[in-house]
Amino acid sequence: MPSISLIYSHNLDPTEVLDVSEGALNGILVDKFGAKNLTIEKCISGKIEFDFYLGGTFITGNIKAFSHYINIKLKVPLLVSMYKNRIISELDSYIPKY
């Protein structure tokens, strides 16, 4: 599957990053975009794994937290990857608010 990778800087305490990220996933994916069946799992390695359905398409991803930035990777079907720039633009408008 093709992937979309995004990096966002943050000023949070390292212990807060995963909790804020989890809240952002719910707020953005479910509330703003209408994702269904969002599943979130916090891993011991300091990473969040998640998956959801959006418009009948199954998407998986993860968030890896670092001291001053987070790395978000989404694995999307080939047809969805054609809209990569639009997806990035939409996420750029929501993520910095968190």
Side-chain angles (χ1 to χ4, degrees):
M1 275 187 154
S3 65
I4 298 172
S5 186
L6 306 150
I7 295 176
Y8 295 98
S9 60
H10 68 79
N11 296 319
L12 299 170
D13 184 83
T15 58
E16 295 177 309
V17 174
L18 294 180
D19 290 334
V20 171
S21 296
E22 185 177 9
L25 285 171
N26 278 304
I28 295 170
L29 296 175
V30 176
D31 298 342
K32 304 292 184 194
F33 295 111
K36 305 289 183 207
N37 301 329
L38 174 64
T39 303
I40 301 172
E41 180 182 345
K42 289 183 187 176
C43 302
I44 295 172
S45 63
K47 184 171 24 174
I48 292 178
E49 302 277 344
F50 60 93
D51 56 58
F52 59 95
Y53 283 94
L54 184 62
T57 302
F58 184 70
I59 299 172
T60 64
N62 65 60
I63 299 174
K64 178 75 172 165
F66 297 93
S67 60
H68 297 298
Y69 68 95
I70 60 170
N71 186 3
I72 302 171
K73 288 187 180 176
L74 300 171
K75 293 180 183 172
V76 298
L78 184 60
L79 291 175
V80 174
S81 71
M82 294 188 316
Y83 299 100
K84 178 180 179 176
N85 291 335
R86 182 161 185 222
I87 292 167
I88 291 171
S89 160
E90 287 291 322
L91 292 173
D92 283 347
S93 70
Y94 288 107
I95 290 176
K97 296 175 186 173
Y98 286 88

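The analysis underlying the following values was restricted to heavy atoms, covering all of them including side chains, and did not include hydrogens, waters or symmetry mates. By convention here, the first residue in the shown sequence is residue 1.
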Which heavy atom in [X] sits nearest to a heavy atom in [Y], and how many Å separate them?
X	Y	answer
Glu22	Ile48	N-CD1, 4.0 Å
Phe52	Ala35	CD1-CB, 3.7 Å
Leu18	Gly46	CD2-O, 3.7 Å
Asn62	Phe50	N-CE2, 3.4 Å
Ala65	Ile70	CA-CG2, 4.2 Å
Pro77	Pro2	C-CD, 4.1 Å

Distance check, rounded to the nearest 0.5 Å: [X] atom [atom1] versus [Y] atom [atom2]?
X	Y	atom1	atom2	value
Ser93	Lys32	OG	NZ	9.5 Å
Ser5	Lys73	OG	NZ	5.0 Å
Asn26	Ile40	CG	CD1	4.5 Å
Cys43	Lys64	SG	NZ	9.0 Å

- [ ] Classify the ring geometry between Phe58 and Tyr53 as parallel (under 30°), tilted (30 to 60°) or perpendicular (over 60°).
- [x] tilted
Open item on the list: I want to check something: taking the side chain as every heavy atom from C-beta on, are Ile63 and Leu25 in contact at a cut-off of under 4.5 Å?
Closed with: yes
- [ ] Find out whether Val76 and Thr57 are in side-chain contact, i.e. whether some heavy atom of one side chain is under 4.5 Å from a heavy atom of the other.
- [x]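 No, side chains not in contact.
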Task: Electrostatic pair Lys75:Asp51 at N-O distance under 4.0 angstrom - done: no
Task: Tyr83: partners by ring-ring contact (aromatic ring centres under 6.0 Å, His included), with sequence neighbours left out - done: none
Task: Remaining members of hydrophobic cluster (4.5 Å side-chain criterion), Phe66 - done: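 Cluster partners of Phe66: Ile7, Tyr69.
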